[in-house]
Amino acid sequence: MFLVNEVFQTIQGEASYTGTPALFLRLQGCPVGCPWCDTKHTWRVAPEHAVAISVMLEKQSDAPTFARMTWQDLVDTVRKFQARHVVITGGEPCCYDLTQLTSELIGLGYSVQVETSGTYPVCVHPQTWVTVSPKIGMPGGLTVLPDALWRANEIKHPVGREQDIDNLRVVLRGANPKALVWLQPLSQSRRATALCIREATTNGWRVSVQTHKFLGVR
């Protein structure tokens, strides 16, 4: 059973799939506690916030409400939309075993991407595109797992200061050497953006900006 905060169709605005029409499945629950998180309403699982699937699907703004859905419910919901790329995010989606859900979607011809902090085992179909945004030293006290870093197809690292670059270098020692490396400036501040551009240029990495915000979509 999955706790689903929202399902919506949009344009993927970050990293390798930037510009791709996508259906986002946002799952509820996250113990990582990133201070800058823009989806804090997905952190807590409170029984009083459970709603019917139909109510959840009509959601138009951020709220801590969620619906309980099986993998079949989710597959049936996905098929009602046009986008052929599915992004499973959160919250922390890898709190859940995503193997059957991702397998069913890929079997139906969808491309599937999971966005994770790397603090939980990544249980997905082998063809799933895994984006690890390693969360180091967060208030939740969780550590980034070596297996998650090795499974990553891309590493999208939030950057706000020099220490974040130092942390990334440590992370990359144990990561999949074929993983693409993206630097994402926190809050798109000028200082963080300049730092990302400098380090990406020096190290052969890439810069990810939140394109969906410039487009004015979710």
Side-chain angles (χ1 to χ4, degrees), residues 1-15 17-18 22-53 55-69 74 86-96 98 113-122 130-145 148 154-161 163-164 167-168 171 182-189 191-193 196 208-218:
M1 188 68 68
F2 297 92
L3 307 184
V4 184
N5 180 275
E6 60 180 342
V7 177
F8 63 97
Q9 188 167 270
T10 185
I11 298 293
Q12 171 61 283
E14 301 174 0
Y17 278 95
T18 294
L23 184 67
F24 273 65
L25 308 181
R26 188 179 302 285
L27 305 184
Q28 189 78 12
C30 183
V32 180
C34 306
W36 62 82
C37 178
D38 56 4
T39 57
K40 291 181 179 179
H41 58 283
T42 67
W43 288 7
R44 184 167 170 258
V45 176
E48 64 269 22
H49 290 154
V51 297
I53 294 173
V55 173
M56 181 275 294
L57 291 174
E58 293 176 356
K59 185 183 295 189
Q60 297 296 319
S61 59
D62 294 345
T65 53
F66 60 87
R68 293 184 170 88
M69 301 178 73
L74 281 167
V86 179
V87 180
I88 306 174
T89 188
E92 172 45 68
C94 289
C95 287
Y96 302 84
L98 302 170
Q113 176 182 6
V114 171
E115 298 181 334
T116 176
S117 64
T119 57
Y120 281 82
V122 182
V130 177
T131 302
V132 175
S133 183
K135 301 305 192 296
I136 302 165
M138 294 297 107
L142 300 178
T143 58
V144 178
L145 302 179
E154 64 181 5
I155 293 173
K156 184 181 66 178
H157 193 60
V159 175
R161 53 181 182 156
Q163 183 62 49
D164 296 325
N167 290 341
L168 175 61
V171 162
W182 294 86
L183 306 181
Q184 186 153 299
L186 287 176
S187 304
Q188 299 181 175
S189 74
R191 179 180 177 184
T193 301
C196 288
S208 171
V209 296
Q210 295 178 304
T211 309
H212 54 287
K213 293 185 177 179
F214 292 99
L215 295 175
V217 298
R218 298 174 70 191

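Of the residues L74, I53, L57, the one that meets the side-chain contact (heavy atoms from CB on, under 4.5 Å) test with V4 is L74.
L183 has its side chain within reach of L168: a pair of non-hydrogen atoms, C-beta onward, lies under 4.5 Å apart. Annotation: side chain of K135 is not in contact with side chain of L142 (no heavy-atom distance under 4.5 Å).
Aromatic ring orientation, F8 versus F24: parallel (interplanar angle below 30°, classes split at 30° and 60°).
When all heavy atoms of S208 and K156 are compared, the pair lying nearest together is OG-CD, 4.4 Å. Here the closest non-hydrogen pair linking M138 and I136 is CE-O, 3.1 Å. Of all the heavy atoms in M56 and N5, the pair that sits closest is CG-O, 3.4 Å. Nearest heavy atom pair, residue G91 against residue T39, reads N-OG1, 4.1 Å. In terms of heavy atoms, W43 sits closest to C34 at CZ2-O, 3.4 Å.
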Q28/H49 under side-chain contact (heavy atoms from CB on, under 4.5 Å): CA gap, chis, key distance, verdict: CA-CA 11 Å; Q28 189 78 12; H49 290 154; 5.8 Å; no
From CA spacing to verdict: side-chain contact (heavy atoms from CB on, under 4.5 Å), V132, V171: CA-CA 11 Å; V132 175; V171 162; over 6 Å; no
Working for side-chain contact (heavy atoms from CB on, under 4.5 Å), residues T42 and F66: CA-CA 9 Å; T42 67; F66 60 87; over 6 Å; no
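With sequence neighbours excluded, the residues forming a side chain to side chain donor-acceptor pair (under 3.5 Å) with S117 are E92, T119, listed by chain and number. With sequence neighbours excluded, the residues forming a salt bridge (Lys or Arg N to Asp or Glu O under 4.0 Å) with E48 are R44, listed by chain and number. Applying the ring pair (Phe, Tyr, Trp, His ring centres under 6.0 Å) rule to Y17 yields the partners H85, W129; only residues at least two apart in sequence or on another chain are considered.
Judged by distance alone, the side chain of R26 and the main-chain N or O of G90 form a donor-acceptor pair under 3.5 Å. In this structure, the side chain of K59 engages the main chain of T65 through a donor-acceptor pair within 3.5 Å.
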